[in-house]
Number of protein chains: 2
Amino acid sequence: MRQPAGRAERRGGGSRKPREERWAELFAVATEVFYEKGYEGASLQDIADRLGLLKGSLYYYIHSKEDLLFEVMSEVHRQGLANIVELASRPGDPLQRLRNVVVGHVDHMCRNLTGTTVFLHEMAALPEPRQAEILGGEHAYRSVFLDLVQKGKAEGLVRQDIDPKLASLSILGSVNWVYRWFRPGGEFTPKQIGEHFADLILHSLVAEGVQPGEPAAKPKRAKETKN
Amino acid sequence: MRQPAGRAERRGGGSRKPREERWAELFAVATEVFYEKGYEGASLQDIADRLGLLKGSLYYYIHSKEDLLFEVMSEVHRQGLANIVELASRPGDPLQRLRNVVVGHVDHMCRNLTGTTVFLHEMAALPEPRQAEILGGEHAYRSVFLDLVQKGKAEGLVRQDIDPKLASLSILGSVNWVYRWFRPGGEFTPKQIGEHFADLILHSLVAEGVQPGEPAAKPKRAKETKN
DNA sequence: CCTACCGATCGGTAGG
DNA sequence: CCTACCGATCGGTAGG
């Protein structure tokens with residue numbers, strides 16, 4: 001059965017594949033390789049090898065190495081942003097919505113560790129104009145958190161001495177740091193992490209007399225609703 | 001006065017310098033270049049150019065590019081750790097000490113933005129054994145925060161439903177994220193950032209009836225001490 | 001620290 | 001997608 005030693009099918013398990021399918025493969029492999037070696041440390045040769053293609057053949061699908069990174073970054077950002085925007089749009093007061101966003105974002109990050117890590121690590125490898133193109137002028141990500149804190153403050157759920165900008169940056173930090181230590185199968189599940197972080201965050205913000213997670217509520221009225 | 005065009009002093013402003021002085025220069029320049037281009041993106045040529053030396057001459061001071069990164073990382077870590085260890089050792093209850101550590105650590109990071117950024121960005125460029133050599137088996141950094149939260153909980157200053165591991169990772173995240181957005185001369189000073197973050201953190205942890213920053217204190221006794 | 005050099009690899013291209 | 005190739009640059013070294 002051994003092939004008569006010749007051309008065609010020479011590389012990997014590599015049969016010729018439809019363009020879209022190959023692109024999807026290339027995209028996935030590039031994400032992996034950038035994750036493992038960093039953008040600068042990764043070579044197109046690495047990627048081609050893993051696909052069973054020749055390096056030059058990658059240029060059938062891409063224009064440059066930088067473009068490939070750009071595609072990966074854009075897609076990761078698009079998905080991540082869509083996720084938190086959807087979560088933030090669900091019903092509830094700003095603090096309840098913030099809780100949902102935190103829990104859902106941590107979960108999403110943990111389930112997309114590879115892409116998330118590339119996104120958070122390799123942004124500086126892109127020229128600044130292309131960074132801005134991905135992030136959007138006003139850092140869409142950050143804005144979601146900022147907006148919720150601001151609204152919470154306006155409704156009196158959040159302490160009046162809190163600076164919404166600093167608070168949202170603090171929240172973003174604790175949440176985005178997770179990719180650095182989370183490992184699947186480790187001590188904590190994404191859900192545990194997200195819920196505990198949300199709990200910490202709400203406690204850090206909440207005004208006295210407001211129960212984190214409860215609707216607006218008039219100033220005091222402590223134990224009576226609970227049994 | 002123009003030199004008779006010849007050898008000696010050929011490069012940069014480069015006169016021959018004592019070994020220690022050159023090493024300090026090399027160290028500083030390497031940190032800068034790694035900051036600007038990332039470790040993989042930086043070349044020894046870049047570094048040599050900025051020093052006014054030939055690339056090969058760098059090997060008079062280093063054994064390899066990797067060793068150079070290792071030296072930078074070790075030194076940044078050493079200084080940062082010394083700083084928080086000193087802060088954590090000052091008198092006060094665990095929450096007061098945590099406040100000091102947060103404020104002082106943010107300040108230190110902001111004043112050493114270049115080194116801090118390299119440290120937090122390029123660790124993965126080192127082989128794992130060398131990473132472990134720098135961080136220490138039990139991640140000394142993280143341990144300082146963990147220890148304070150644990151002690152705070154044991155003394156009843158911190159809510160009993162808090163997981164010290166997750167809480168300290170959350171704190172570390174919000175604090176270490178600062179290097180990503182802080183810029184000297186920007187909207188906030190390091191002191192403002194540190195103090196606001198510390199305020200958020202203490203509020204996130206503190207048990208009901210405990211005033212963040214006060215000594216242990218028996219359960220209640222609210223307004224009477226304050227005027 | 002310089003001179004002079006090396007093998008390996010890099011991203012990328014022309015032409016089919 | 002492969003063949004065949006390019007110029008540039010990489011980290012690193014021998015010898016002084």
Side-chain angles (χ1 to χ4, degrees), chain A residues 3 5-27 29-30 33-34 36-72 122 125-127 130, chain B residues 3 5-27 29-30 33-34 36-72 122 125-127 130:
Chain A
Q3 293 284 125
R7 65 187 182 313
E9 199 214 276
R10 294 183 41 248
R11 308 196 54 88
S15 49
R16 206 138 183 159
K17 298 190 181 171
R19 186 161 184 144
E20 266 187 62
E21 192 180 329
R22 260 298 189 226
W23 166 249
E25 263 186 300
L26 169 52
F27 184 93
V29 165
V33 175
F34 290 157
E36 291 170 18
K37 308 192 163 195
Y39 171 72
E40 295 286 357
S43 72
L44 293 176
Q45 190 69 65
D46 294 328
I47 295 172
D49 285 350
R50 212 170 287 195
L51 285 166
L53 300 181
L54 290 178
K55 180 183 61 166
S57 305
L58 296 181
Y59 286 87
Y60 182 63
Y61 301 97
I62 65 174
H63 291 116
S64 69
K65 189 190 178 190
E66 186 191 302
D67 278 1
L68 182 53
L69 176 61
F70 181 80
E71 294 297 332
V72 171
E122 307 301 338
L126 287 174
R130 306 206 82 180
Chain B
Q3 294 283 126
R7 62 185 183 315
E9 198 213 277
R10 293 182 44 247
R11 310 196 53 87
S15 50
R16 206 137 183 160
K17 299 190 182 173
R19 187 162 185 142
E20 265 186 62
E21 192 179 330
R22 263 294 192 228
W23 166 248
E25 262 188 300
L26 169 52
F27 185 92
V29 165
V33 175
F34 290 158
E36 292 170 18
K37 309 194 162 193
Y39 172 70
E40 295 285 356
S43 73
L44 293 176
Q45 188 71 64
D46 294 327
I47 294 171
D49 285 350
R50 213 169 286 193
L51 286 167
L53 299 182
L54 290 178
K55 181 182 62 163
S57 305
L58 297 181
Y59 287 86
Y60 181 63
Y61 302 96
I62 64 174
H63 291 117
S64 69
K65 189 189 177 191
E66 187 191 301
D67 278 0
L68 182 52
L69 176 61
F70 181 80
E71 294 298 333
V72 171
E122 307 301 338
L126 288 175
R130 306 205 83 179

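Naming convention: chains lettered A, B, ... in sequence-line order (proteins, then strands); numbering from 1 in each chain.
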> Reading nucleotides 9-16 of chain D from the 5' end, what letters show protein touch, with B for base, S for backbone sugar-phosphate only, - for no heavy atom under 4.0 Å?
Replying inline: -SBBB---

>> To check you understand the geometry: which heavy-atom pair defines the closest contact between A:F34 and A:I47, and what is its length?
In response: CE2-CD1, 4.2 Å

> So, for A:L53 and A:Y61, which heavy atoms are closest and what is the spacing to 0.1 Å?
Replying inline: CD1-CE1, 4.4 Å

> Is A:D49 reaching over with its side chain to a backbone N or O of A:D46, donor-acceptor style, under 3.5 angstrom?
Replying inline: no

> B:L51 and B:R22: which non-hydrogen atoms are nearest, and at how many Å?
Replying inline: O-NH1, 3.9 Å

> Nearest heavy-atom pair of B:A42 and B:V33: which atoms, and what distance?
Replying inline: CB-CG1, 3.6 Å

>> Checking B:Y59 against B:L44 for the side-chain contact (heavy atoms from CB on, under 4.5 Å) test, could you report, in this order, the C-alpha distance in whole Å, the side-chain angles of both residues, the deciding distance, and whether it holds?
In response: CA-CA 10 Å; B:Y59 287 86; B:L44 293 176; 3.1 Å; yes

> Tell me, which pairs form a salt bridge (charged side-chain N to carboxylate O under 4.0 Å, His left out) where one or both residues lie in residues 56-66 of chain B, sequence neighbours left out?
Replying inline: B:E66-B:R130

> What integer distance in Å separates B:L53:CG from C:dT3:C1'?
Replying inline: 15 Å

> Roughly how bent is the helix from C:dC1-D:dG16 to C:dG16-D:dC1 end to end, in steps of 10 degrees, with each end axis from five pairs?
Replying inline: 10°

>> From CG of A:D49 over to P of D:dC2, roughly how many Å is that when rounded to an integer?
In response: 12 Å

>> Once rounded to the nearest 0.5 Å, what's the spacing between atom CD1 of B:I62 and atom CZ of B:F27?
In response: 12.5 Å

